[in-house]
Amino acid sequence: MKFLSFVILFVARWSQFRNHGTSHFCVVDADRNAVSMTTTVNFPFGSRVLSPSTGILINNGMGDFSAPTEISPDMLPPALANFIRPNKRPLSSMAPLIITKVYQLVGVIAGSGGMKIIPTVAQAFLNHFVSGMEPIAAVQHPRIYHKVIPNVVSYENLTCINGVDIEFAEETKIFLRDKGHQLQPMSGGAVVQFVVQTLQEPIEMGRKFRQDSYILRGKLTVVSDPRKDGTPASL
């Protein structure tokens, strides 16, 4: 009975049972200050240790180190450069980015999803800033993933919670097969959050006429990845 009472109090006060590992959010304020923040307990329930004073679930970031006799949860062999040593940080796939152009904000992006974060952020970034896709198309565009080990190209084939279908183009799959790649469909990858500012005419800030005395206040476009049913918000 005492244990049951503790569980009820824990759920009501902390609601940690709905935690699923990594989250990311991008924030841009009226003055175009920006934050790109990734937070994680590393895996569901983290280290499975709960702080008795705060109710915070402790992360298991030590699991990101390599151990000589263990294969990682992501099915990678141990890497000597990632062995535990004093004053070292473990390997991380977090990739929070704030993108500027001539000292002005043009974008904020990053994501969650373990080892798939880096290719996910890279593809969304290239889709918009190089290929010229609209922000929502850049985020929703089907992605591919390759961990090198095993030597397989995974491609997305899924229906999001909101009903959006994401499927890699057949002609692209044919192109990759012709190059000798082994393909494998996957039902979900990493997710990104993306804020884009469309630049406008500068506004002078202060008395000094300098390039860095201007702040561009353009149109903000905010996209939350439908793969995780995220929702943009504004105040």
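For the single chain, residues carry numbers from 1 onward in sequence order. The structure presented is a predicted model; accordingly, all values stated were derived computationally and were not measured.
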message = Is the ring pair His181/His146 parallel, tilted or perpendicular, if the boundaries are 30 and 60 degrees?
response =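 Rings of His181 and His146: perpendicular, as their planes differ by over 60°.
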
Within the distance-only criterion (no hydrogens, no angle test), does the side chain of [X] pair as donor or acceptor with the backbone N or O of [Y] below 3.5 angstrom?
{"X": "Ser47", "Y": "Ile58", "answer": "yes"}
{"X": "Lys219", "Y": "Val196", "answer": "no"}
{"X": "Arg32", "Y": "Gly218", "answer": "yes"}
{"X": "Asn157", "Y": "Pro185", "answer": "no"}

Let me check something: do [X] and [Y] share a hydrophobic cluster, defined by ILVMFWY side-chain heavy atoms less than 4.5 Å apart, either directly or through other members?
{"X": "Val192", "Y": "Val106", "answer": "yes"}
{"X": "Val121", "Y": "Leu126", "answer": "yes"}
{"X": "Phe129", "Y": "Ile136", "answer": "yes"}
{"X": "Met133", "Y": "Phe125", "answer": "no"}
{"X": "Val35", "Y": "Leu97", "answer": "no"}

Nearest heavy atoms of [X] and [Y], plus distance in Å:
{"X": "Ala34", "Y": "Val28", "result": "CB-CG2, 4.3 Å"}
{"X": "Tyr155", "Y": "Leu183", "result": "CE2-CB, 3.9 Å"}
{"X": "Phe194", "Y": "Ala124", "result": "CE2-O, 4.4 Å"}
{"X": "Arg227", "Y": "Val191", "result": "CB-CG1, 3.5 Å"}
{"X": "Ala110", "Y": "Pro96", "result": "CB-CA, 3.3 Å"}
{"X": "Gly111", "Y": "Ile117", "result": "O-CD1, 3.6 Å"}

query = Does any pair with a residue in residues 121-143 pass side chain to side chain donor-acceptor pair (under 3.5 Å), and if so which ones, sequence neighbours excluded?
reply =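 Applying side chain to side chain donor-acceptor pair (under 3.5 Å) to every pair that reaches into residues 121-143, excluding sequence neighbours, yields Arg143-Asp225.
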
inquiry  = Determine whether Arg217 and Asp31 satisfy the following criterion, side-chain contact (heavy atoms from CB on, under 4.5 Å), listing intermediate values before the conclusion.
reply    = CA-CA 8 Å; Arg217 291 182 174 83; Asp31 293 321; 3.2 Å; yes

Donor-acceptor pair between [X] and [Y] side chains, under 3.5 angstrom:
{"X": "His24", "Y": "Thr38", "answer": "yes"}
{"X": "Thr120", "Y": "Tyr145", "answer": "yes"}
{"X": "Thr22", "Y": "Thr40", "answer": "yes"}

State the [atom1]-[atom2] distance between [X] and [Y], to the nearest 0.5 angstrom.
{"X": "Ile98", "Y": "Leu105", "atom1": "CD1", "atom2": "CG", "answer": "7.5 Å"}
{"X": "Ile144", "Y": "Lys116", "atom1": "CD1", "atom2": "NZ", "answer": "13.5 Å"}
{"X": "Gln193", "Y": "Ser36", "atom1": "CD", "atom2": "OG", "answer": "10.0 Å"}
{"X": "Cys160", "Y": "Asp165", "atom1": "SG", "atom2": "CG", "answer": "8.0 Å"}
{"X": "Asn82", "Y": "Leu91", "atom1": "CG", "atom2": "CG", "answer": "5.0 Å"}
{"X": "Glu167", "Y": "Thr172", "atom1": "CD", "atom2": "OG1", "answer": "11.0 Å"}

query = Quick one: are Pro232 and Ser224 in side-chain contact, heavy atoms under 4.5 Å?
reply =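 Touching, per the 4.5 Å side-chain cut-off.
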
key: Side chain to side chain, Ser112 and Lys228, heavy atoms closer than 4.5 Å   =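 Ser112 reaches Lys228 side chain to side chain.
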
task = Identify the residue among Ile109, Val222, Ile99, Val223 that makes a side-chain contact (heavy atoms from CB on, under 4.5 Å) with Val195.
result =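 Single side-chain contact (heavy atoms from CB on, under 4.5 Å) partner of Val195 among Ile109, Val222, Ile99, Val223: Val222.
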
message = Can you tell me if Phe175 has over 12 outside heavy atoms packed within less than 6.0 Å of its CZ?
response =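 At most 12 heavy atoms, drawn from other residues, nucleotides or ligands, come within 6.0 Å of this atom.
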
query = With a cut-off of 6.0 Å (strictly less than), are more than 12 heavy atoms of other residues, nucleotides or ligands near NZ of Lys88?
reply =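 Yes, because the 6.0 Å sphere around NZ of Lys88 holds more than 12 heavy atoms from other groups.
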
